[in-house]
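Written out below as structure tokens is the structure these notes cover.
Model, not experiment: these values are computed from the prediction.
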Amino acid sequence: MAADWTQLPPELVESISKKLKIYADYLRFRVVCHSWQASVPKTPNHLPPQLPWLMLPQSQPNQSHRAFYNLSNSRVHFLHLPEASHRKRRCGSSHGWLVILDETPSVLLVNPLTRGKHPLPPLSTFPNVVGFDYSQIGREYVLRSLSGELYTRSLIQMRDSFVKKLVLSSSPMEENGFIALTIVNQSGDLAFCREGDENWSFIDEARCYSEDAISFNGLFYAVDNHGIVAECDVKGPSPVVRIIQTPRLDDADMRYLVNSGADLLLLSRYLDVDHDIVNDDANVNYRTVGFDVFRMNWMGPRWEKVENLGDRMLFIGENSSFSLSASDFPGCVGNCIYFTDDYSELNYESGVGGYDSGIFRLWDGTIQELPPYPRNSDYKVHWPPGSLPLWVIPNPC
């Protein structure tokens, strides 16, 4: 007599479901039958970080759906996401949540998988913004420079260039609350807000550590272009900053901090100029030609060169950088850096620009094409403003 799997005790079904580590497997498990679906929570809070999707550029300006390329099965998912449509700018993704700016002061977190939303304090509440008035068309914002001089910015200028990147300490759905940290363009300031705050606050002692920032072991870390790190604890009534004075590293075009398990990593990215002739105009595009990886030795402190990442895959770009174990995802290869373009708008001002994303293989220094776009110079892509590819971790929480 065949076993009737639909009659398994609910507590056993739930116990089995908690052994599943991939979100797609969890969804398939829930739809086996009505009794299993009733026994398993709709939202799996036990899942580890998932293999990211690549949010693709918007092909049509008025689309309300956005395309996401799934690395695990080479499929494209279309999600209803009007919050990230035309005239909106993304300035990061963190813990599966997109950071959206538009032509208002609003700062919005959106989960593309669940459509969850969480507002953050508006741009008009940053300490260096001293005035905001919709009626002053083209100069709606009044800001104060580091030298004390006042200057104005338009709605579009603030949307496109005020915030460089925003990272979160955790998902906004976490019970213990979350903290957001921004890197402010031009001034190099770091600003933060806690859940429930109405204003942004500067971390005065961490100014100019603006190459990248990451949440690591309950603290924020920010780095300058020489590899010097500011450790920021913003959980108390006022920020506590410790400067980690490491020996200066050789020059690089960009730096990234990566949370990789128990290690804090630093990536140095190197670019070269790629000259191309389009419509008789000389366009200068930039290409990534290599990376160096360093691991923080806290006993130094110093950055130590890493020659082999082993099983780890690193994902960098406009997103909060992170790493995953390749063995957790069938078909993936470790010892690689998956990178997207986040370094310059120069490639896109002409409307047609080079696509600078790929997979850097640390063991031989070569760069593999990152689907679904090739890197060859004959392939041209139209990039609408604020629409560069972006890594997003699918997060049901």
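- Contacts of Y151 classified as ring pair (Phe, Tyr, Trp, His ring centres under 6.0 Å), with partners at least two apart in sequence or in another chain: none.
- Shown here is R248, whose CZ atom has no more than 12 heavy atoms of other residues, nucleotides or ligands within 6.0 Å.
- Other residues, nucleotides and ligands contribute more than 12 heavy atoms inside 6.0 Å of the CG atom of D364.
- Remark: the backbone N or O of E211 is not paired with any side-chain donor or acceptor of K165 at under 3.5 angstrom.
- D212 and Y221 form no side-chain donor-acceptor contact under 3.5 Å, judged by distance and modelled atom types alone.
- The shortest distance between side-chain heavy atoms of I244 and W298 falls below 4.5 Å.
- Remark: the backbone N or O of G138 is not paired with any side-chain donor or acceptor of R153 at under 3.5 angstrom.
- Between N185 and S161, the side chains place no donor N or O within less than 3.5 Å of an acceptor N or O (distance only, hydrogens not considered).
- In terms of hydrophobic clustering, with Ile, Leu, Val, Met, Phe, Trp and Tyr side chains grouped at heavy-atom distances under 4.5 Å, V76 and L51 are assigned to a common cluster.
- Each of V258, L257, L265, L219 was compared with I214 under the side chain to side chain contact (heavy atoms under 4.5 Å, CB included) criterion, and only L257 meets it.
- Side chains of P301 and Q245 form no contact here, defined as non-hydrogen atoms less than 4.5 Å apart.
- Clustering ILVMFWY residues whenever any of their side-chain heavy atoms sit less than 4.5 angstrom apart, transitively, puts L81 in the very cluster that holds I100.
- Between Y209 and I183, every side-chain heavy-atom pair lies at or beyond the 4.5 Å cut-off.
- Ion pairing of E205 with R207 is absent here, as no side-chain N (NZ or NE/NH1/NH2) approaches a carboxylate O to less than 4.0 Å.
- In K21, the NZ atom is crowded: over 12 heavy atoms of neighbouring residues, nucleotides or ligands sit closer than 6.0 Å.
- Atom CD of E11 has more than 12 neighbouring heavy atoms from other residues, nucleotides or ligands inside a 6.0 Å radius.
- Salt-bridge check for E318 with R90: passed, with a basic side-chain N closer than 4.0 Å to an acidic carboxylate O.
- Salt bridge annotation for E304-R295: absent, with no cationic side-chain nitrogen under 4.0 angstrom from a carboxylate oxygen.
- With a 4.5 Å cut-off on side-chain heavy atoms, W303 and V229 count as touching.
- Checked by atom type and distance alone, the side chain of S323 never pairs as donor or acceptor with a backbone atom of L314 at under 3.5 Å.
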Enumerate donor-acceptor pairs with a distance under 3.5 Å from any side-chain N or O in residues 117-129 to protein atoms, sequence neighbours excluded.
residue, atom, partner, partner atom, Å
K117, NZ, E83, OE2, 2.8
T125, OG1, P122, O, 2.7

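- Residues I203 and F192 meet the side-chain proximity criterion, which asks for heavy atoms closer than 4.5 Å.
- Checked by atom type, the side-chain pair R269/T288 shows a donor-acceptor distance below 3.5 Å.
- Around the CD1 atom of I137, the shell of radius 6.0 Å holds no more than 12 heavy atoms that belong to other residues, nucleotides or ligands.
- Counted within 6.0 Å of CG on N308, heavy atoms from surrounding residues, nucleotides or ligands total more than 12; the atom is thus considered enclosed.
- Taking the six-membered ring wherever Trp is involved, the centroid distance between the rings of F360 and Y338 does not fall below 6.0 Å.
- Considering only heavy atoms from C-beta on, T340 stays 4.5 Å or farther from I316 through its side chain.
- Between the side chains of N395 and H95, no donor-acceptor pair is found at a separation under 3.5 Å.
- For the ring-ring contact (aromatic ring centres under 6.0 Å, His included) criterion with W391, the lone passing option out of F322, Y69, F339, F315 is F315.
- Side chains of L324 and P49 form a contact here, defined as non-hydrogen atoms less than 4.5 Å apart.
- Of the possible polar contacts, none joining the D160 side chain to the Q157 backbone as a donor-acceptor pair under 3.5 Å is found.
- Hydrophobic clustering, with ILVMFWY side chains joined whenever heavy atoms are under 4.5 angstrom apart, groups M254 together with L362.
- A distance-only check finds a donor-acceptor pair linking the side chain of N319 to the backbone of G317 [under 3.5 Å].
- Between T152 and L143 there is no side-chain heavy-atom pair separated by less than 4.5 Å.
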